[in-house]
Amino acid sequence: MHAVVIAAQGGPEVLEYAERPDPVAGPGEVVVDVAASGVNFIDIYHRSGAYPVDVPASIGSEGAGVVSALGPGVSGVAVGDKVGWVNVLGSYAEKAVVPADRLVPVPAEVPADVAAAALLQGMTAHFLTRSTHEVKPGDQVLVHAAAGGMGQLLTQLAKLYGATVHATVSTDAKAKLALAAGADEIHTYDGFADALRGRMDVVYDGVGATTFDGSLAALRARGLMVLYGGASGQVPPMDPQLLNRSGSLFLTRPSLVHYVAARDELLWRAEELFGWIARGELRIEVSHRYPLAEARQAHEDLAARRTTGKLLLIP
């Protein structure tokens, strides 16, 4: 089989499309024939060294496909089942080995490529709007990078829960995408802090370094800053007294892994996510599909913010 591997962490040039032996499922594992793999910023963090991984490694942490083999002791899943997964390295491949207890069933009405596009960002949007902060009718919500795959999902879910959504974008074309996702107001990155100062109940910030200070300024007293990514770079160390001086603000830096650690929680989030998709309440925007061999180009496009919706690698 073919897989995308790294021998060392670094820039996009370390991504190698290589031939590897077909994987074998160990105890409690399954082999999945991969239909599609999602491309996410966490993959860039794994590749670059922002997040440590043991090398050599096959990267990619999200995918969907059909089970082709079972390891010893596996129950509750069968060969031929359509499944998806997140937070399991090795998804940039034609075949992936996945722990059976990390799989989620994909319903018949949701295509495998849509599941691969939806799972990581969709369940992240789920926990951010259902658990980190439970969005309620009337909430004032700021979503940064609202035209991106993650931003569009957050916007749609916040609107589904009855919030007013303020969105930041960098171009007129991206403004149209954010409005199509349901955003109520569009703001520029250099103007949002002044326009929204002291008004937001919650800010969802996946941009990081360049928006962090403005995000805090936009919050009302006792508002919540949800820093869930760092597309522009990681936020440097800060004085916690800034939160006090800004109105007793709350700051959290959550990760999906801690919100799906228990299997019942993983299944709950996936079931609700796929239900919204099947009923047409949540639209998954796949903007680019790349052959698996073009993973480097996908990483370059994502890092340069040349794309809008979700990126997929197709084996």
Side-chain angles (χ1 to χ4, degrees), residues 32 36-48 50-53 57 59-64 83-92 96 98-106 110 114-135 141 143-146 148-158 160-161 202-208 224-231 234-235 250-277 282 284-285 302 309-313:
V32 182
S37 303
V39 180
N40 300 283
F41 271 102
I42 193 172
D43 305 337
I44 293 177
Y45 303 155
H46 288 147
R47 185 213 72 218
S48 67
Y51 290 180
V53 296
I59 65 167
S61 54
E62 170 189 43
V83 295
W85 64 92
V86 294
N87 293 333
V88 179
L89 283 176
S91 301
Y92 287 10
V98 183
D101 64 357
R102 293 287 89 193
L103 293 172
V104 297
V106 178
V110 177
V114 173
L119 273 167
L120 192 147
Q121 291 183 337
M123 287 202 291
T124 298
H126 185 283
F127 87 73
L128 290 176
T129 59
R130 294 274 286 183
S131 302
T132 304
H133 172 83
E134 188 172 3
V135 177
V141 174
V143 175
H144 284 303
M150 189 68 218
Q152 290 188 47
L153 293 176
L154 283 169
T155 298
Q156 290 180 75
L157 290 185
L160 188 65
Y161 303 145
V202 60
V203 175
Y204 292 113
D205 191 338
V207 177
L224 174 62
M225 169 64 169
V226 182
L227 179 67
Y228 69 88
Q234 300 304 312
V235 174
F250 295 88
L251 168 64
T252 183
R253 179 58 176 89
S255 294
L256 175 61
V257 62
H258 303 120
Y259 285 83
V260 294
R263 179 151 180 80
D264 58 349
E265 195 170 20
L266 171 68
L267 293 175
W268 166 56
R269 298 195 192 282
E271 183 179 3
E272 287 208 344
L273 173 65
F274 289 143
W276 289 325
I277 295 169
L282 187 66
I284 305 299
E285 179 69 27
L302 182 62
K310 184 72 177 190
L311 311 185
L312 291 179
L313 295 177

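Taking 4.5 Å as the limit, every side-chain heavy atom of Val104 sits out of range of all side-chain heavy atoms of Glu271. Counting heavy atoms from C-beta outward, Trp276 and His126 have side chains that approach closer than 4.5 Å. Residues Leu153 and Leu157 fail the side-chain proximity criterion, which asks for heavy atoms closer than 4.5 Å.
Contact between Leu119 and Ala270 at its shortest, heavy atoms only, is CD2-CB, 4.5 Å. Scanning both residues, Asp43 and Ser61, for their nearest heavy atoms gives OD1-OG, 3.3 Å. When all heavy atoms of Val32 and Leu103 are compared, the pair lying nearest together is CG2-CD2, 4.5 Å. Here the closest heavy-atom approach between residue Tyr204 and residue Leu154 is recorded as CB-CD1, 3.8 Å. Leu267 approaches Pro105 most closely through the heavy-atom pair CD2-CD, 4.0 Å. Shown here for Phe127 and Pro254, the closest heavy-atom pair between the two residues is CE1-CB, 3.7 Å.
Considering only residues two or more places apart in sequence or on other chains, Ala118 meets the side chain to side chain contact (heavy atoms under 4.5 Å, CB included) condition with Leu273, Ile277, Ile284. Residues satisfying the side chain to side chain donor-acceptor pair (under 3.5 Å) test with Ser91, not counting sequence neighbours, are Trp85. With sequence neighbours excluded, the residues forming a side chain to side chain donor-acceptor pair (under 3.5 Å) with Arg47 are His299, listed by chain and number. For the side chain to side chain contact (heavy atoms under 4.5 Å, CB included) test, residues two or more places apart in sequence or in another chain that qualify with Ser255 are Arg253, Val257, His258. Remark: Ala116 engages Ala36, Ala64, Leu312 in a side chain to side chain contact (heavy atoms under 4.5 Å, CB included) (not counting sequence neighbours). Applying the side chain to side chain contact (heavy atoms under 4.5 Å, CB included) criterion to Val53, with sequence neighbours excluded, gives Ile6, Gln9, His46, Val55, Leu89. Checked against salt bridge (charged side-chain N to carboxylate O under 4.0 Å, His left out), Arg102 has no partners two or more places apart in sequence or in another chain. Under the rule for a salt bridge (charged side-chain N to carboxylate O under 4.0 Å, His left out), the partners of Glu265 that lie at least two apart in sequence or sit in another chain are Arg269. By the side chain to side chain donor-acceptor pair (under 3.5 Å) test, Glu62 is found to be paired with Asn40, Lys310, residues two or more places apart in sequence or in another chain being considered. In this structure, the side chain to side chain donor-acceptor pair (under 3.5 Å) partners of Tyr259, at least two apart in sequence or on a different chain, are Thr132.
Rounded to the nearest 0.5 angstrom, His144 NE2 and Asp205 CG are separated by 4.0 Å. Phe250 CZ to Leu224 CG: the interatomic distance, rounded to the nearest 0.5 Å, is 8.0 Å. Here the CG atom belonging to Leu120 is positioned 8.5 Å from the CE atom belonging to Met150, to the nearest 0.5 angstrom. The distance from atom CG of Leu256 to atom CD of Gln121, rounded to the nearest 0.5 Å, is 11.0 Å. Atom-to-atom distance recorded for Met123:CE and Phe274:CZ is 7.5 Å, nearest 0.5 angstrom.
Note on residues 121-133: pairs passing salt bridge (charged side-chain N to carboxylate O under 4.0 Å, His left out), not counting sequence neighbours, are Arg130-Glu272.
Screening Val202, Val141, Thr129 for a side chain to side chain contact (heavy atoms under 4.5 Å, CB included) with Val226, the sole residue that qualifies is Val202.
By the 6.0 Å contact criterion, CD on Gln234 is enclosed, its count of non-hydrogen atoms from other residues, nucleotides or ligands being greater than 12.
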